[in-house]
2 protein chains.
Amino acid sequence: MPVARRPTLSDVAQEVGVSAKTVSRVLNEDGPVSAETRERVMEAVQRLGFRPNLMARHMRLGKSDTAIGLVVPDMSNPFFATVVSGIESVTHGRGLTLLIGSSAQDAERERSLVGTFLARRVSALLMAPIPSADHGYLKAERSAGLPVVFLDRPGTGLTADSVLSSNRQGAREGVAHLIRHGHRRIGFIGDTPTALYTRRMRLRGYRDALAEAGLAYDRALVAGGQDVEGAADATERLLTLADPPTALLAANNFSSMGAVVGLARAARKDVALVGFDDIPLAGVLEPALTVVAQDPAAMGAAAATIALSRLDGDRSRARSTEIPTRLVLRGSGELRPR
Amino acid sequence: MPVARRPTLSDVAQEVGVSAKTVSRVLNEDGPVSAETRERVMEAVQRLGFRPNLMARHMRLGKSDTAIGLVVPDMSNPFFATVVSGIESVTHGRGLTLLIGSSAQDAERERSLVGTFLARRVSALLMAPIPSADHGYLKAERSAGLPVVFLDRPGTGLTADSVLSSNRQGAREGVAHLIRHGHRRIGFIGDTPTALYTRRMRLRGYRDALAEAGLAYDRALVAGGQDVEGAADATERLLTLADPPTALLAANNFSSMGAVVGLARAARKDVALVGFDDIPLAGVLEPALTVVAQDPAAMGAAAATIALSRLDGDRSRARSTEIPTRLVLRGSGELRPR
DNA sequence: TTGAAAGCGCTAACAG
DNA sequence: CTGTTAGCGCTTTCAA
């Protein structure tokens with residue numbers, strides 16, 4: 001089967017018997033064109049199935065690509081999937097296309113993705129940065145006018161806008177809630193690596209709440225894993241301690257699921273639990289799961305909005321936007337210690 | 001702050017005192033360059049922070065963009081989020097970038113997204129097509145060599161590759177499982193619009209199983225909604241029928257959640273349930289949820305693999321790939337009717 | 001081993 | 001109202 005070449009502007013022009021510029025004028029409604037010419041051009045465009053080449057257009061205009069690049073650690077994490085839909089809800093109206101890549105928690109891969117996006121001349125860069133990576137290499141791009149927005153975690157080595165959850169305050173509220181219900185031994189189920197910004201902030205909030213209540217911080221009550229399974233194991237391990245916790249704070253979505261699984265396996269419905277990040281069906285678990293809910297869609301939308309305002313010329317200094325978390329009471333955090 | 005122009009190939013060339021072509025040769029390891037020249041070019045590239053402009057490169061080569069376009073109905077649906085990570089796992093190794101857009105179940109929007117992708121000259125197009133849309137307008141592109149792969153549902157009006165779940169067979173097995181456990185009145189909780197391909201196929205599988213068991217099909221037992229809430233309401237309504245179902249098949253992920261919520265609200269732990277599409281925490285629900293699990297990551301990977309083989313010159317006729325579902329027994333489907 | 005010229009598809013600037 | 005020329009940043013072709 002012969003592979004037909006895609007028609008170009010000049011193909012259309014030739015077909016109609018006008019110059020390329022005239023066709024361009026018709027398509028971009030730029031400058032005056034006689035009704036009849038317009039008509040004939042449009043007809044030829046239809047007939048040939050012509051579609052202007054955006055690459056060529058962007059290049060000629062010497063502008064950035066009308067796309068924004070997004071780097072997330074893992075697309076299949078519902079948190080980031082929802083962040084993406086928040087971003088898209090903002091960018092779509094502006095005719096911006098979304099380029100997405102997963103860093104898979106690998107600094108090399110993150111850098112290579114960012115490199116590709118830069119080579120494509122994206123209009124802006126949104127990223128949930130890898131903790132171990134330095135982002136100083138973006139300094140030149142940023143001062144050349146490329147908007148960079150860090151999402152979920154601040155970046156290292158680069159001053160840029162960021163959009164974060166109220167991690168510390170949220171965790172503090174969650175733990176205070178458990179304390180209010182009489183708990184004195186409260187475990188912390190986090191993720192690994194422990195260097196992750198969100199984990200550190202949430203651990204800080206956990207310690208804040210303990211300190212406010214005059215409770216000692218016990219490292220033995222801090223555990224975690226890489227995934228749901230790891231968090232479930234960690235939960236079960238905490239329960240076998242000599243002086244075990246009567247309540248738990250799980251510090252992110254999969255830790256929350258892991259804690260639920262671990263408690264279910266140990267058949268311990270008496271252990272209170274507050275999760276971080278809402279999870280589906282939290283309401284029908286038994287007991288129903290109390291959580292510190294984040295608002296990932298709002299985070300994505302905020303990040304995109306900031307990037308757009310930068311594109312629109314906002315040159316004010318970099319700022320950090322905090323999206324509030326919300327304690328959603330459903331029951332699991334209100335159990336009393338026995 | 002002065003916004004610096006990005007350095008170009010000729011900037012680097014000028015800096016080093018060679019021609020643009022020489023710099024190009026160094027960067028692409030194309031043709032002979034003296035070690036010393038190479039050294040000096042590389043140094044200048046580093047110093048200026050030069051990054052070749054991919055748009056210009058693609059254009060000059062007259063090839064497609066090294067990107068593939070993906071249209072999904074809704075990014076925040078974990079099913080599609082997982083499909084995306086499956087796609088990415090395949091494309092990343094090939095240096096392809098992923099362009100993503102949400103159609104939001106709107107035919108206009110789908111078409112505009114596809115239009116944008118085509119204008120960008122993507123190398124391939126993957127999409128979960130809107131049921132109400134005709135995709136005949138892609139015929140010319142396809143015969144011009146653009147790989148098109150439909151995901152999750154076949155497209156309308158266009159012969160193209162597709163990757164689908166074994167919807168009918170999966171539903172049949174799920175319902176047969178309920179029948180095997182003694183159920184004779186089995187409800188179907190689906191999504192709307194009812195024209196959706198997956199719903200139609202799963203309903204067919206449901207009817208297959210009933211027919212095989214000699215059970216009559218009763219339209220009154222078929223209900224559904226647009227989201228979790230709607231499915232929950234539909235579930236509650238089915239339970240109030242004069243001759244209510246003793247078991248349910250929920251036909252997708254949010255219908256499954258809705259059915260779980262509806263049964264929980266009605267406090268009916270005696271009603272058997274088989275969900276379609278696995279959901280998180282299915283194992284710790286009470287009773288634990290039996291599901292017909294799909295494999296969204298495999299679907300994404302298969303779609304990407306097919307697109308790549310087409311790019312590599314595979315001109316065989318369009319084929320439909322079926323990714324098998326798997327009945328995961330956890331308890332909720334094994335309840336006996338009272 | 002290196003360079004000059006031409007051109008990918010498009011549009012800005014200027015003529016006509 | 002319409003056309004011509006030039007050039008965005010890169011690579012191919014051909015020549016030196």
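So that the names make sense, note that chain A is the first sequence line, chain B the second, and so on, each numbered from 1. Owing to the predicted nature of the structure, the values given are computational and were not obtained by experimental measurement.
Of the two residues contacting DNA chain C, namely Arg25(B) and Arg121(B), the nearest-nucleotide position lying further toward the 5' end is that of Arg25(B). The nearest heavy atom of DNA chain D to Ala20(A) and to Gly62(A) marks one nucleotide each, and the one closer to the 5' end goes with Ala20(A).
On the nucleic acid side, DNA chain D has its first and last nucleotide under 4.0 Å of a heavy atom of chain B at dG9(D) to dT12(D), going 5' to 3'.
Rounding to whole angstrom units, CZ of residue Arg6(A) and P of dG9(C) are separated by 11 Å. In this structure, CE of Met59(A) is placed 12 Å from P of dC8(C), rounded to the nearest angstrom. In this structure, NZ of Lys21(A) is placed 13 Å from P of dC14(C), rounded to the nearest angstrom. Look at CG on Asn53(A): it is 12 Å from P on dC8(C), rounded to the nearest Å. To the nearest angstrom, P of dC10(C) lies 17 Å from NZ of Lys63(A). A straight line from NE2 of His58(A) to P of dT11(C) spans 10 Å, rounded to a whole angstrom. dG9(C) atom P lies 10 Å from atom CG of Leu9(A), rounded to whole Å. Following rounding to the nearest Å, Met55(B) (CE) and dG7(C) (P) show an atom-to-atom distance of 23 Å.
Between dT1(C) and Thr22(B), no contact under 4.0 Å exists linking OP1 or OP2 to a side-chain N or O. In terms of phosphate contacts, Ser24(A) brings a side-chain nitrogen or oxygen within less than 4.0 Å of OP1 or OP2 of dT11(C). For Asn28(A), a side-chain nitrogen or oxygen approaches OP1 or OP2 of dT11(C) to under 4.0 Å. A close approach under 4.0 Å does occur between a side-chain nitrogen or oxygen of Arg57(A) and OP1 or OP2 of dT11(C).
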Q. Phe80(B) and Asp152(B): side-chain contact (heavy atoms from CB on, under 4.5 Å), yes or no, with the steps?
A. CA-CA 9 Å; Phe80(B) 289 111; Asp152(B) 186 49; 3.9 Å; yes
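Annotation for Gln14(B): atom CD does not count as buried by contact number, only 12 or fewer foreign heavy atoms lying within 6.0 Å. More than 12 heavy atoms of other residues, nucleotides or ligands lie within 6.0 Å of CD in Glu43(B), so this atom counts as buried by the packing criterion.
One N or O on the side chain of Ser123(B) and one on the backbone of Asp65(B) form a donor-acceptor pair closer than 3.5 Å.
For the pair Arg6(B) and Glu141(A), the salt-bridge criterion is met [side-chain N within less than 4.0 Å of a carboxylate O]. Using a 4.0 Å cut-off between charged nitrogen and carboxylate oxygen, Lys21(B) and Asp30(B) count as a salt-bridge pair.
Neither side chain, Thr82(B) nor Ser85(B), offers a donor N or O lying under 3.5 Å from an acceptor on the other.
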